[in-house]
Amino acid sequence: MGEKSSAGSGKGFGIFVTFCVMFLFWLLLSGIFDPIHVGAGIICSLIIAFVSHDLLVTQKWDKMLRKSGRFIIYVVWELWQILLANFDVAYRVLHPKMPIDPSVIEFDTSLRSDLAIVTLANSITLTPGTITINVDQERGRFQVHAIAQKPADALLVDKTMQEKVAKVFMEE
């Protein structure tokens, strides 16, 4: 009986979290705050939450909350990296000698979950000067095009991005 109530509360929590995320996302995208539109957003978010709550919340709530907090911190860090990389690429393009030395690099990662690998691949692609070409999930091997040696070294030597993604998804 305790197991059944635990599963029920987990489902209710999943629906609640999914509703909150969907509704906040809807508010951000719509930008319309009159009662009719907000009401429509609530109804649509509730329907989506009931239908797809298990896609967003698949684990115990405490682990999910920890991952969510770590992910928010990671997103802020990634946005900073994107800003820095934008300046680096702009410098390379505007420099008279154009210090561009493109290369394709390969590296292995210890990440194994689908979401962690997708997050790393997308983070690399979102950062100007690098783009993920291919990912072999079974071996954890990435192929990445880098505009110069500095962005390549950040992935090959420094590995900060991989470590931060591993921390978010508790694969450390």
Side-chain angles (χ1 to χ4, degrees), residues 10 13-33 38 41-42 44-45 48-49 52-94 99-100 102 105-135 137 140-172:
F13 180 75
I15 291 171
F16 175 73
V17 169
T18 304
F19 166 75
C20 291
V21 169
M22 293 299 125
F23 185 62
L24 287 173
F25 190 63
W26 184 89
L27 284 174
L28 286 171
L29 291 179
S30 74
I32 302 172
F33 303 107
V38 170
I42 290 172
C44 291
S45 298
I48 291 170
S52 63
H53 66 87
D54 58 336
L55 296 174
L56 185 61
V57 180
T58 59
Q59 300 166 348
K60 298 212 181 270
W61 66 273
D62 59 334
K63 193 172 183 181
M64 193 206 70
L65 287 176
R66 250 184 292 143
K67 281 185 178 181
S68 299
R70 290 177 178 185
F71 186 72
I72 290 168
I73 293 167
Y74 175 76
V75 167
V76 171
W77 177 83
E78 177 66 16
L79 289 172
W80 177 248
Q81 297 306 305
I82 290 170
L83 180 70
L84 294 175
N86 270 301
F87 285 121
D88 182 62
V89 170
Y91 167 78
R92 291 176 191 286
V93 170
L94 297 174
I100 297 173
I105 60 169
E106 290 188 10
F107 65 90
D108 295 326
T109 182
S110 62
L111 301 174
R112 290 296 177 248
S113 72
D114 292 342
L115 199 51
I117 289 175
V118 167
T119 300
L120 179 60
N122 285 336
S123 296
I124 291 168
T125 299
L126 283 171
T127 307
T130 56
I131 186 164
T132 304
I133 299 171
N134 189 29
V135 177
Q137 183 176 356
R141 180 165 286 271
F142 278 71
Q143 288 181 325
V144 176
H145 180 274
I147 195 170
Q149 193 61 43
K150 181 182 173 190
D153 285 345
L155 295 169
L156 290 172
V157 179
D158 186 24
K159 298 185 180 183
T160 304
M161 187 179 289
Q162 290 180 59
E163 292 168 2
K164 289 190 177 287
V165 171
K167 184 174 181 180
V168 168
F169 295 101
M170 298 179 189
E171 293 190 23
E172 354 175 59

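Hydrogens, waters and symmetry mates are skipped; everything else that's a heavy atom, side chains included, is used.
From Thr127, atom OG1 reaches atom CG of Leu155 across 8.0 Å, with rounding to the nearest 0.5 Å. Once rounded to the nearest 0.5 Å, the distance linking CG of Asn134 with CD of Gln143 reads 5.0 Å. For the atom pair CD1 (Ile15) and OG (Ser52), the distance works out to 10.0 Å, reported to the nearest 0.5 Å. Leu27 CG to Phe25 CZ: the interatomic distance, rounded to the nearest 0.5 Å, is 11.5 Å.
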- Item | Full working for side-chain contact (heavy atoms from CB on, under 4.5 Å) between Gln81 and Thr160 | CA-CA 11 Å; Gln81 297 306 305; Thr160 304; over 6 Å; no

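For Ile100, the side-chain contact (heavy atoms from CB on, under 4.5 Å) partners at least two apart in sequence or on another chain are Arg92, Met98, Pro102, Ile147. Looking at residues two or more places apart in sequence or on another chain, you find a side chain to side chain donor-acceptor pair (under 3.5 Å) between Ser123 and Tyr74. In terms of the side-chain contact (heavy atoms from CB on, under 4.5 Å) criterion, residue partners of Thr125 (sequence neighbours excluded) are, by chain and number, Ile131, Thr132. The side chain to side chain donor-acceptor pair (under 3.5 Å) test applied to Gln162 returns Thr109, not counting sequence neighbours. Residues satisfying the side chain to side chain donor-acceptor pair (under 3.5 Å) test with Ser68, not counting sequence neighbours, are none. Residues that satisfy the salt bridge (charged side-chain N to carboxylate O under 4.0 Å, His left out) test with Arg141, not counting sequence neighbours, are Glu106, Asp108. The side-chain contact (heavy atoms from CB on, under 4.5 Å) search around Ile42 returns Phe19, Phe23, Val38, Leu46, not counting sequence neighbours. With sequence neighbours excluded, the residues forming a side chain to side chain donor-acceptor pair (under 3.5 Å) with Asp153 are Gln149, listed by chain and number. Val75 meets the side-chain contact (heavy atoms from CB on, under 4.5 Å) test with Phe71, Leu79; sequence neighbours excluded.
Among residues at least two apart or in separate chains, ring pair (Phe, Tyr, Trp, His ring centres under 6.0 Å) pairs with a member in residues 106-129 are Phe107-Phe142. Sorted by first and then second residue, the salt bridge (Lys or Arg N to Asp or Glu O under 4.0 Å) pairs with a member in residues 69-79 read Arg70-Glu172; sequence neighbours excluded.
The shortest side-chain heavy-atom distance between Tyr91 and Pro99 falls under the 4.5 Å cut-off.
Taking every heavy atom of both residues into account, Thr18 and Ala49 meet most closely at CG2-CA, 3.8 Å. When all heavy atoms of Pro151 and Thr130 are compared, the pair lying nearest together is CB-CG2, 3.7 Å. Heavy atoms only, all atoms of each residue included: Ala85 and Pro128 are closest at CB-O, 3.4 Å.
Atom CZ of Phe87 is surrounded by 12 or fewer heavy atoms from other residues, nucleotides or ligands within 6.0 Å.
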Ignoring hydrogens and angles, write down the donor-acceptor pairs under 3.5 Å from the side chains of residues 113-122, residues two or more places apart or on other chains.
{"unit_1": "Ser113", "atom_1": "OG", "unit_2": "Ala116", "atom_2": "N", "d": "3.2"}
{"unit_1": "Ser113", "atom_1": "OG", "unit_2": "Glu171", "atom_2": "OE2", "d": "2.6"}
{"unit_1": "Asp114", "atom_1": "OD1", "unit_2": "Gln137", "atom_2": "NE2", "d": "2.3"}
{"unit_1": "Thr119", "atom_1": "OG1", "unit_2": "Leu115", "atom_2": "O", "d": "2.7"}
{"unit_1": "Asn122", "atom_1": "ND2", "unit_2": "Val118", "atom_2": "O", "d": "3.4"}

